[in-house]
Participant: 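Would you mind keeping the following structure in view while I ask a few things?
No hydrogens, no waters, no symmetry mates; every other heavy atom, side chains included, goes into these values. Protein chains get the first letters and strands the later ones, always in sequence-line order, with residue 1 at the start of each.
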Amino acid sequence: MIKAAKEPFMSEVRLRFAPSPTGYLHVGGARTALFNWLLARKQHGTFVLRIEDTDVTRSTQESVDAIFEGMKWLGLDWDEGPFFQSDYFPVYKEYIDRLVAEGKAYKCYCTVEELEAKREKALKEGGKPKYDGTCRDLPPQEDDGRPYVIRFRTPKEGVTSWNDLIKGKVSFENAELDDLIIQRTDGTPTYNFVVVVDDVTMRMTTVIRGDDHVNNTPRQILIYEALGAPVPVFAHVPMILGADKARLSKRHGATSVMAYRDMGFLPEAMVNYLVRLGWSYGDEEIFSLTDLIEKFSIENVGRSAGVFNPDKLLWLNAHYIKTGDPVRLADLLIPFLKERGVDPAQGGPDLVAVVKTLQERAKTMLELADGALFYYRDELSYDEQGVAKAFNADTPGLLNALVEKLAALPALDAGQIEQAFKELMAEKGIKLGQVGPAVRLSLSGTTASPGIYEMIEVLGLAETKKRIERAIAVLCR
RNA sequence: GGUCCCAUCGUCUAGUGGUUAGGACACCGGCCUUUCACGUCGGUAACAGGGGUUCAAGUCCCCUUGGGAUCACCA
């Protein structure tokens with residue numbers, strides 16, 4: 001008998017991306033999300049999105065929306081969620097009460113001031129700034145109205161270790177850990193506890209997260225054990241650094257994923273770049289999301305931190321613009337064009353045709369937009385140096401002759417246009433260099449543009465004629 | 001400072017005891033060419049240092065050095 005494919009197996013992998021909504025989706029978070037998503041997709045598992053908003057004061061709706069927007073842009077969809085931790089406070093409370101009842105957690109009445117003083121004193125005496133356990137062995141007592149936090153009772157001996165999918169075996173002496181607070185004075189639970197409860201209740205099998213959580217992991221494992229829950233497999237992804245090898249931050253440039261969209265990057269370039277930062281597959285450089293689902297493996301993620309290299313991102317972006325579908329690119333280009341005061345829907349050459357002439361000349365959508373502007377502008381400003389070189393007394397005659405030839409063509413395609421140029425050159429006994437640059441300037445206003453034949457074809461006869469005549473009028477006085 | 005992690009070209013990396021240490025970005029040069037680009041061919045450039053283990057070490061072990069992370073009633 002064959003089992004239905006949909007039937008859930010205990011072996012099904014479940015992963016999650018769990019950002020805290022306190023800012024935009026940054027490239028590091030995006031990469032973590034991507035790795036989780038890829039592994040889930042590759043193993044036909046489940047990918048969950050969970051918003052870690054237990055810090056109610058720092059969490060914002062704008063940040064939540066920014067995360068959704070970033071995920072959507074990158075093409076990372078989720079199977080369950082989004083779940084918001086703030087919706088589950090009663091659940092956490094229940095688990096905490098259970099630990100207290102079992103003696104695995106206890107109330108601590110030390111005040112913030114007392115703790116601060118102890119920390120400073122310990123530091124001053126060269127000791128470790130750990131909680132000293134003042135309330136750890138207090139006899140159980142009735143509440144007398146004094147505020148308290150709840151601390152997790154960490155074993156004083158033994159070793160906690162795990163086999164990290166990326167880093168290998170990592171071990172901590174329990175004696176190095178102190179009794180962390182799992183519930184604040186105001187009754188809300190803290191991060192290290194909540195993640196564990198959520199990962200337990202959401203049945204996570206694998207946790208891929210940033211390197212900066214390595215030090216939290218032993219505490220969390222201890223909590224899993226106290227809860228009697230299975231411990232998931234961990235994979236700690238190395239950090240992303242700036243050019244100076246310091247943790248990537250705004251001063252290195254944009255860190256928000258959406259900022260890259262606004263700077264004219266394609267999501268596939270971003271995904272490709274991010275996945276290759278720390279992961280590799282032989283000598284291959286170009287990967288689509290579909291390739292990655294097949295080829296990605298967390299074991300091949302490197303252990304060391306990587307420097308974010310904007311140049312390589314740019315190269316990838318140029319690659320995807322060059323090889324991208326012109327129809328899609330044209331569509332994506334419209335907002336950039338509108339920002340520049342051009343609306344292709346209001347007339348002018350076909351945008352898809354325009355894009356085709358520019359694809360291999362643009363590294364970003366911004367460059368593509370800038371390069372496309374001249375096609376839609378009525379008034380061109382002409383590059384002075386170019387004009388000085390390309391225009392002389394013979395130019396008007398040559399240009400007019402060219403227009404006549406173009407007008408006589410049965411069809412205005414690149415092949416025929418080239419033919420017309422050849423005839424003109426033969427008849428006048430000139431080389432292309434004596435007329436080409438002037439045509440280019442007349443049509444585009446610049447010396448760097450798509451091919452002359454391409455431009456004529458895209459602009460069409462009427463517009464080509466108009467532009468050449470205007471150039472003669474303006475430049476040959 | 002304690003703890004934990006990391007270490008191959010400038011950068012991303014391949015390498016799993018025996019390689020002329022490979023690829024990619026960037027950079028430099030040739031070619032192509034109607035401009036700018038694209039493309040293409042070629043070049044410069046790395047095993048942090050020191051000890052072991054071994055016939056043999058970029059690969060294994062130790063130390064040093066250098067980076068990074070973390071030590072909250074943040075996540």
Participant: Which part of the nucleic acid, if any, lies within contact of A/Ser171, taking any heavy atom under 4.0 Å across all strands shown: a base, the sugar-phosphate backbone alone, or nothing?
Facilitator: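 Counting heavy atoms under 4.0 Å across all strands, the contact made by A/Ser171 is with sugar-phosphate only.
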
Participant: Name the closest nucleotide to the A/Glu176 side chain, picking from B/A7, B/U3, B/A24.
Facilitator: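 Closest of the options to the side chain of A/Glu176: B/U3.
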
Participant: How far does the C1' atom of B/U11 sit from the matching atom of B/G67, given to the nearest Å?
Facilitator: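 Pairwise C1' distance, B/U11 against B/G67, rounds to 16 Å.
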
Participant: Answer whether the closest heavy-atom distance between the side chains of A/Pro232 and A/Tyr224 falls below 4.5 Å.
Facilitator: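 Of all side-chain heavy-atom pairs linking A/Tyr224 with A/Pro232, at least one is under 4.5 Å.
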
Participant: Rounding to an integer number of Å, can you tell me how far A/Met270 CE sits from B/C25 P?
Facilitator: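 After rounding, the reported distance stands at 19 Å.
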
Participant: Would you mind classifying the nucleic acid contact of A/Gly386 as base, sugar-phosphate or nothing, using non-hydrogen atoms under 4.0 angstrom?
Facilitator: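 Answer is nothing: A/Gly386 stays at 4.0 Å or more from every strand.
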
Participant: Side chain of A/Val307, heavy atoms from C-beta onward: which of B/C73, B/A7, B/U11 has the nearest atom to it?
Facilitator: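 So the nucleotide nearest the side chain must be B/U11.
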
Participant: In the strands shown, is B/G58 matched to any nucleotide by a Watson-Crick or G-U wobble pair with both distances under 3.5 Å, and which?
Facilitator: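 Base-paired to nothing in any strand shown.
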
Participant: Scan every strand shown for a Watson-Crick or G-U wobble partner of B/U65, both distances under 3.5 Å, and answer none if you come up empty.
Facilitator: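 Base-paired to B/A7.
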
Participant: Just the atom pairs and distances: protein N or O near nucleotides 32-38 of chain B's N or O, under 3.5 Å.
Facilitator:
residue	atom	partner	partner atom	Å
B/U34	O2'	A/Arg440	NH2	3.4
B/U34	O2	A/Arg440	NH2	2.4
B/U35	O2'	A/Thr447	O	2.5
B/U35	N1	A/Arg440	NH2	3.2
B/U35	O2	A/Arg440	NH1	3.4
B/U35	O2	A/Thr447	O	2.9
B/U35	O2	A/Ser449	N	2.7
B/U35	O2	A/Ser449	O	3.2
B/U35	N3	A/Arg440	NH1	2.9
B/U35	N3	A/Ser449	O	2.5
B/U35	O4	A/Ser449	O	3.4
B/U35	O4	A/Gly451	N	3.2
B/C36	O2	A/Arg361	NH1	3.0
B/C36	N3	A/Arg361	NH1	2.4
B/A37	O2'	A/Glu360	O	2.7
B/C38	O3'	A/Lys322	NZ	3.1

Participant: Would you say the rings of A/Tyr273 and A/Trp315 are close, in the sense that their centroids are separated by under 6.0 Å?
Facilitator: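 Ring centroids of A/Trp315 and A/Tyr273 are no less than 6.0 Å from each other.
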
Participant: When all nucleic acid strands are considered with a 4.0 Å heavy-atom cut-off, which category describes A/Asn216: base, sugar-phosphate, or nothing?
Facilitator: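 Base, at least one base heavy atom under 4.0 Å.
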
Participant: Given the P atoms of B/A24 and B/C62, what is the spacing between them in whole Å?
Facilitator: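 These two P atoms come out 36 Å apart once rounded.
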
Participant: Would A/Arg467 and A/Glu463 pass as an ion pair if we require N to O under 4.0 Å?
Facilitator: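 Yes, charged N to carboxylate O under 4.0 Å.
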
Participant: How far does the C1' atom of B/G30 sit from the matching atom of B/G51, given to the nearest Å?
Facilitator: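 Between the two C1' atoms, the distance is 48 Å.
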
Participant: Using OP1 and OP2 only, check whether a side-chain N or O of A/Arg276 sits under 4.0 Å from B/U13.
Facilitator: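 The answer is no; no side-chain N or O of A/Arg276 sits under 4.0 Å from OP1 or OP2.
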
Participant: Between B/A72 atom P and A/Ile182 atom CD1, what is the distance in whole Å?
Facilitator: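 After rounding, the gap between these two atoms is 17 Å.
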
Participant: For nucleotides B/G17 and B/U53, find the distance between their C1' atoms and express it as a whole number of Å.
Facilitator: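 Their C1' atoms lie roughly 11 Å apart.
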
Participant: Test salt bridge (Lys or Arg N to Asp or Glu O under 4.0 Å) on A/Lys405 and A/Glu427; report intermediate values, then the result.
Facilitator: CA-CA 11 Å; A/Lys405 288 220 171 290; A/Glu427 286 169 20; 2.9 Å; yes

Participant: Mind checking the P distance from B/A26 to B/C12? Whole angstroms is fine.
Facilitator: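 It works out to 15 Å between them.
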
Participant: Any sub-3.5 Å donor-acceptor pair from A/Asp179's side-chain atoms to A/Arg153's backbone N or O?
Facilitator: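 No: the side chain of A/Asp179 does not pair with the backbone of A/Arg153.
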
Participant: So which one's nearest nucleotide on RNA chain B is more toward 5', A/Tyr148 or A/Ala305?
Facilitator: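 Its nearest nucleotide being more 5', the pick is A/Ala305.
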
Participant: Tell me whether A/His213 and B/A69 count as stacked here, given that the ring centres must be under 5.5 Å apart and the planes must differ by less than 30 degrees.
Facilitator: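 Here the ring of A/His213 and the base of B/A69 are not stacked, as the 5.5 Å and 30° limits are not both satisfied.
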
Participant: Would you please test A/Phe421 and A/Tyr453 for ring pair (Phe, Tyr, Trp, His ring centres under 6.0 Å) and show each step?
Facilitator: CA-CA 9 Å; A/Phe421 269 82; A/Tyr453 312 145; 5.2 Å; yes

Participant: Heavy atoms only, 4.0 Å cut-off, all strands: where does A/Arg303 land among base, sugar-phosphate and nothing?
Facilitator: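 Sugar-phosphate, no base atom in range.
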
Participant: Reckon A/Ser280 has a side-chain N or O less than 4.0 Å from the OP1 or OP2 of B/A14?
Facilitator: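 Yes.
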
Participant: Do A/Leu368 and A/Thr364 come close enough that some side-chain heavy atom pair is under 4.5 Å?
Facilitator: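 Not touching, per the 4.5 Å side-chain cut-off.
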
Participant: Among the candidates B/A72, B/C25, B/A69, find the nucleotide nearest to the side-chain atoms of A/Ile181.
Facilitator: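 Nucleotide nearest to A/Ile181's side chain: B/A72.
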
Participant: Among B/U70, B/A24, B/C6, which is the nearest nucleotide to the side chain of A/Asn215?
Facilitator: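 Of all the options, the side chain of A/Asn215 is nearest to B/U70.
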
Participant: Is the centre of the A/Trp78 ring less than 6.0 Å from the centre of the A/Phe68 ring?
Facilitator: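 Yes, close enough.
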
Participant: Taking only the side-chain heavy atoms of A/Arg247 (C-beta and beyond), determine which of B/A69, B/C25, B/C73 contains the nearest atom.
Facilitator: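 Ranking B/A69, B/C25, B/C73 by closest atom to the A/Arg247 side chain puts B/A69 first.
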
Participant: Starting at atom NE2 of A/His319, determine the distance to atom P of B/A26, rounded to an integer number of angstrom.
Facilitator: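 One finds 13 Å between P of B/A26 and NE2 of A/His319, rounded.
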
Participant: With ring pair (Phe, Tyr, Trp, His ring centres under 6.0 Å) as the criterion, how do A/Phe35 and A/Phe296 come out once you've worked through the C-alpha distance, each side chain's angles and the decisive distance to 0.1 Å?
Facilitator: CA-CA 8 Å; A/Phe35 286 175; A/Phe296 182 78; 5.0 Å; yes

Participant: Under 4.0 Å between any heavy atoms, over every strand shown, what does A/Thr54 touch: base, sugar-phosphate, or nothing? Just pick one.
Facilitator: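 Sugar-phosphate, backbone atoms only, no base.
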
Participant: Given that both distances must come in under 3.5 Å, which nucleotide forms a Watson-Crick or G-U wobble pair with B/G1?
Facilitator: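 In the structure as shown, B/G1 has B/C71 as its Watson-Crick or wobble partner.
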
Participant: Write out a two-atom table: protein N or O, nucleotide N or O from nucleotides 19-22 of chain B, distance below 3.5 Å.
Facilitator:
residue	atom	partner	partner atom	Å
B/G22	N2	A/Asp283	OD1	3.4

Participant: Under a 90° cut-off about 0 for the syn range, is B/C38 syn or anti?
Facilitator: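 Syn.
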
Participant: Residues in ring-ring contact (aromatic ring centres under 6.0 Å, His included) with A/His26, at least two apart?
Facilitator: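 Per chain and number, A/His26 pairs via ring-ring contact (aromatic ring centres under 6.0 Å, His included) with no residue.
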
Participant: Rounded off to whole Å, could you give me the CG-to-C1' distance for the A/Asn272 and B/U13 pair?
Facilitator: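 Checked: the CG to C1' distance equals 14 Å.
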
Participant: Pick the P atom in B/C63 and in B/C4, then give their distance to the nearest Å.
Facilitator: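 Between the two P atoms, the distance is 12 Å.
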
Participant: B/A57 and B/G52: how far apart are their P atoms, nearest whole angstrom?
Facilitator: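 Pairwise P distance, B/A57 against B/G52, rounds to 12 Å.
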
Participant: Can you measure A/Leu314 atom CG to B/U11 atom C1' for me and round it to whole angstrom units?
Facilitator: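 A/Leu314 atom CG is separated from B/U11 atom C1' by 14 Å.
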
Participant: If pairing requires Watson-Crick or G-U wobble contacts with both distances under 3.5 Å, which nucleotide is the partner of B/C27?
Facilitator: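 Base-paired to B/G43.
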
Participant: With a non-hydrogen cut-off below 4.0 angstrom, is A/Cys108 in contact with a base, only sugar-phosphate, or nothing?
Facilitator: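 No contact.
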
Participant: Within the structure shown, what part of the strands sits under 4.0 Å from A/Ser304 by heavy-atom distance: base, sugar-phosphate, or nothing?
Facilitator: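 Counting heavy atoms under 4.0 Å across all strands, the contact made by A/Ser304 is with sugar-phosphate only.
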
Participant: To the nearest 0.5 angstrom, please state how far the OH atom of A/Tyr106 sits from the CZ atom of A/Arg136.
Facilitator: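 Result: 6.0 Å between the selected atoms.
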
Participant: Going by heavy atoms in the side chains, are A/Thr54 and A/Thr190 under 4.5 Å from each other?
Facilitator: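 SC-SC contact between A/Thr54 and A/Thr190 ruled out.
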
Participant: Taking for each residue the nucleotide of RNA chain B with the nearest heavy atom, is it A/Glu285 or A/Ala18 whose nucleotide lies nearer the 5' end?
Facilitator: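 The residue closer to the strand's 5' end, by nearest nucleotide, is A/Glu285.
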
Participant: State whether A/Arg50 and A/Glu52 are salt-bridged, where the test is any N-O pair (Lys NZ or Arg NE/NH1/NH2 against Asp/Glu carboxylate O) under 4.0 Å.
Facilitator: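 Yes, A/Arg50 and A/Glu52 are salt-bridged.
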
Participant: Is A/Val170 touching bases, backbone alone, or none of the nucleic acid, heavy atoms closer than 4.0 Å?
Facilitator: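 Result for A/Val170 = sugar-phosphate.
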
Participant: Given the P atoms of B/A21 and B/U44, what is the spacing between them in whole Å?
Facilitator: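 The same atom, P, in both gives a distance of 14 Å.
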
